[in-house]
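Labels below follow one simple rule: chain letters A, B, ... track the order of the sequence lines, proteins then strands, and each chain is numbered from 1.
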Amino acid sequence: MNKSKFLMVPVLLWAALFLLIPMLIVVVVSFLSRDTLGNVVFPFSLTGYKTFFDSLYLGIYWDTLVLSVVTTVVCLLVSYPLAYYIANATPRIQTWGLILITIPFWINFLIRTYAWVLLLRTQGIVNSVLLHFGWIHEPMQMLYTKGAVLLGMVYNFIPFMVLPIYVALEQMDKRLLDAASDLGATRWKAFRHITLPQSKSGIMTGCVLVFVSTSGMFVVTDILGGAKSMMISNIIQSQYLGARNWPFGSALSIIFVVTSLILILLFNRAMQSKADRAKEGTA
Amino acid sequence: MIDLVQVEKHFDGQIVVHPLSLNIEEGEFLTLLGPSGCGKTTILRMIAGFEQPTHGDVVLAGQNVTKLPPNQRDLNLVFQHYALFPHMTVEENIAFGLKMKKIPKDEQKKRIEEAVAMTQLTALTSRYPHQLSGGQQQRVAIARAIANKPKVLLLDEPLGALDLQLRKNLQSELKHLQRSLGITFVYVTHDQEEAMMLSDRIVIMNGGRVEQVGTPREIYATPKTLFAATFVGENNIFSSSEGLFAVRPEKLRPVRETEGARVTGVIQDVLYLGNVHKLTVHLDQEPMSVTIALDFTDERPWQIGERIGVNWSPKDEVVIGA
Ligand SMILES: Nc1ncnc2c1ncn2[C@@H]1O[C@H](COP(=O)(O)OP(=O)(O)O)[C@@H](O)[C@H]1O
Ligand SMILES: [Mg+2]
């Protein structure tokens, strides 16, 4: 064993202890049953997986996927221009832009999300302002809607999209744009054919980060979505903590992890170009 | 083909290119030669349109293009570090400029075939830049430029990143290419040998100023300034009552009798280089050394430490300005 591999041992142990073993426990539990007190017991059973195919849970699962995809797309549309602007600004503006993007991380996540409640509720700031100017005549129901959940998700996860795209754009060799211009490309064509493909790795990373974070998030749904909006992670949480049905919670987790992984793999495959495959071939 | 009219460039109030007027002929191979940082790239970038001159005009084929962006100028630049598009194959790289100009598909195909044939890339068209050697990448950069059939090709130290042997091979290929295309080349290098070998005319630059413009022969035989005299080839600089003059090493003649010689000195070093040998002689009259180049016909044994005389004929003295 050479030295660098030897140095990997603690990392691998750490990963095994805190990642692999809990994962295995979840897999095992998902195939067990529970007794009337909520204890996890033998025998082996597929009840957890069978329960998932109830139309209630399938519907929630579908909603979760749709919300995660929509959040990812909206984040991308908002973040790309922002990342592009920051990456092409003067060093001073770049520094400030990055600080502004990361400042929300210094504030507790719950507080940030509750702040939206103050803005969106019936007597909230947005409604008050609109009423005051007479643009609406009675308060709009904004809180506890799907729109509010989407807003909360997008707001929380924009940095996850901006930062990887910023890094990709920042690292791009700017001389390629000179070359494109020299070969007759307009600014738009140079963006379309050079900048966009060159920032693809950042887009892919950002999309996966936002998708995974959104689909695993239950706090935002709880706070901004109210009782009606449910995502798969809300169910998992309630099966573990409220209903004490661990085998079902575990089965949902496994189903969710596996389907997410498949989706991410399909996404990566779809985004991969001929050039990426050539690179993998020689690397 | 290109007229630079009193072109001047400042960066942050600092003069990088002093007012420069230059007329580049059609079909000419013109080289900007000078040490690193003397403003060569800046001049090329002003011709291509990436930099705006602070003062002055750039005229291309009779049209004042000073205000035109690079994508509207009928010329192409081969970048110092190639700037190939990493996510495109060789063929896609070459096709890029043709697509941008909306050239019909079959014409595109013909032009790509021509360009890869001229640059010997035919077998590599489906490779990506990272799968190519430095010399091959360099060829792609040239193929990508010439496929556009520009009136002028600008080349910024195109061989600078390559090792010596490859550079020598590509130098002759470039010269051959320029002759067969018959288009104007504006070439930038800091390598005086390369400039001498390739150019129809050389512009010697130093500190943002033109020192001399001339054919390689003129530059070598009659340098106008001290910088030009010493930057291109070896030279010996003497001072006389009228000023400075230069005498090339091969024009100096060593003699055994010190009496009656123009100058005298002690041999410090003898170098045998096969076809020539060189003597380094420390002079008695002035605190300096001169280099003498002797061809292979000279079979006299020269010893280190020997005191000799050095002669030259007055017609080989080249008077240079300060
Ligand atoms: N964009 C720029 N901003 C400020 N100074 C520059 C810029 N580009 C070049 N310079 C300066 O101009 C001088 C000439 O540069 P350049 O034309 O690249 O020289 P060369 O190509 O002969 O090595 C250098 O001193 C360089 O630092
Ligand atoms: Mg340069």
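Within 6.0 Å of NE2 in B/His10 there are more than 12 heavy atoms belonging to other residues, nucleotides or ligands. B/Gln52 CD: more than 12 foreign heavy atoms inside a 6.0 Å radius. Crowding of A/Lys174 atom NZ: a count of heavy atoms from other residues, nucleotides or ligands under 6.0 Å exceeding 12. Counting heavy atoms of neighbouring residues, nucleotides and ligands inside a 6.0 Å radius, atom NZ of B/Lys109 does not exceed 12 of them. Around atom OH of A/Tyr85, no more than 12 heavy atoms belonging to other residues, nucleotides or ligands sit under 6.0 Å away. A/Lys146 NZ: 12 or fewer foreign heavy atoms inside a 6.0 Å radius. By the neighbour-count criterion of 12 heavy atoms within 6.0 Å, atom CD of B/Glu107 is densely surrounded, having more than that number from other residues, nucleotides or ligands.
Neither the backbone nor the side chain of B/Gln72 has a heavy atom closer than 4.5 Å to any heavy atom of chain A. Both the backbone and the side chain of B/Asn76 come within less than 4.5 Å of a heavy atom of chain A. Residue A/Ala190 does not touch chain B at all, counting heavy-atom pairs closer than 4.5 Å. Heavy atoms of A/Lys200 lying under 4.5 Å from chain B are absent altogether. Neither the backbone nor the side chain of A/Ser273 has a heavy atom closer than 4.5 Å to any heavy atom of chain B. Heavy-atom distances place no part of B/Leu98 under 4.5 Å from chain A, backbone and side chain included. In this structure, no portion of B/Arg73 lies under 4.5 Å from any heavy atom of chain A.
Smallest separation of non-hydrogen atoms from B/Tyr128 and A/Ala275: OH-N, 3.1 Å. Here the closest non-hydrogen pair linking A/Ala179 and B/Ala83 is CB-O, 3.8 Å. Nearest heavy-atom pair, B/Lys101 versus A/Leu183, reported as atom, atom and distance to 0.1 Å: NZ-O, 3.3 Å.
Here the straight-line distance linking atom NZ of A/Lys189 with atom CG of B/Asn71 works out to 10.5 Å at 0.5 Å rounding.
With a 4.5 Å cut-off on side-chain heavy atoms, A/His193 and B/Met100 count as touching. By the 4.5 Å heavy-atom criterion applied to side chains, A/Ile194 and B/His87 are counted as neighbours.
Of the residues considered (A/Asp178, A/Leu177, A/Asp173, A/Leu176), A/Asp178 shows the highest number of contacts with chain B, using heavy-atom pairs under 4.5 Å. Interface check for chain A: of the options B/Lys99, B/Arg127, B/Met88, B/Arg144, the most heavy-atom pairs under 4.5 Å are formed by B/Arg144. Of the listed residues (B/Pro86, B/Gly49, B/Pro69, B/Ala48), the greatest number of heavy-atom pairs within a distance under 4.5 Å of chain A belongs to B/Pro86.
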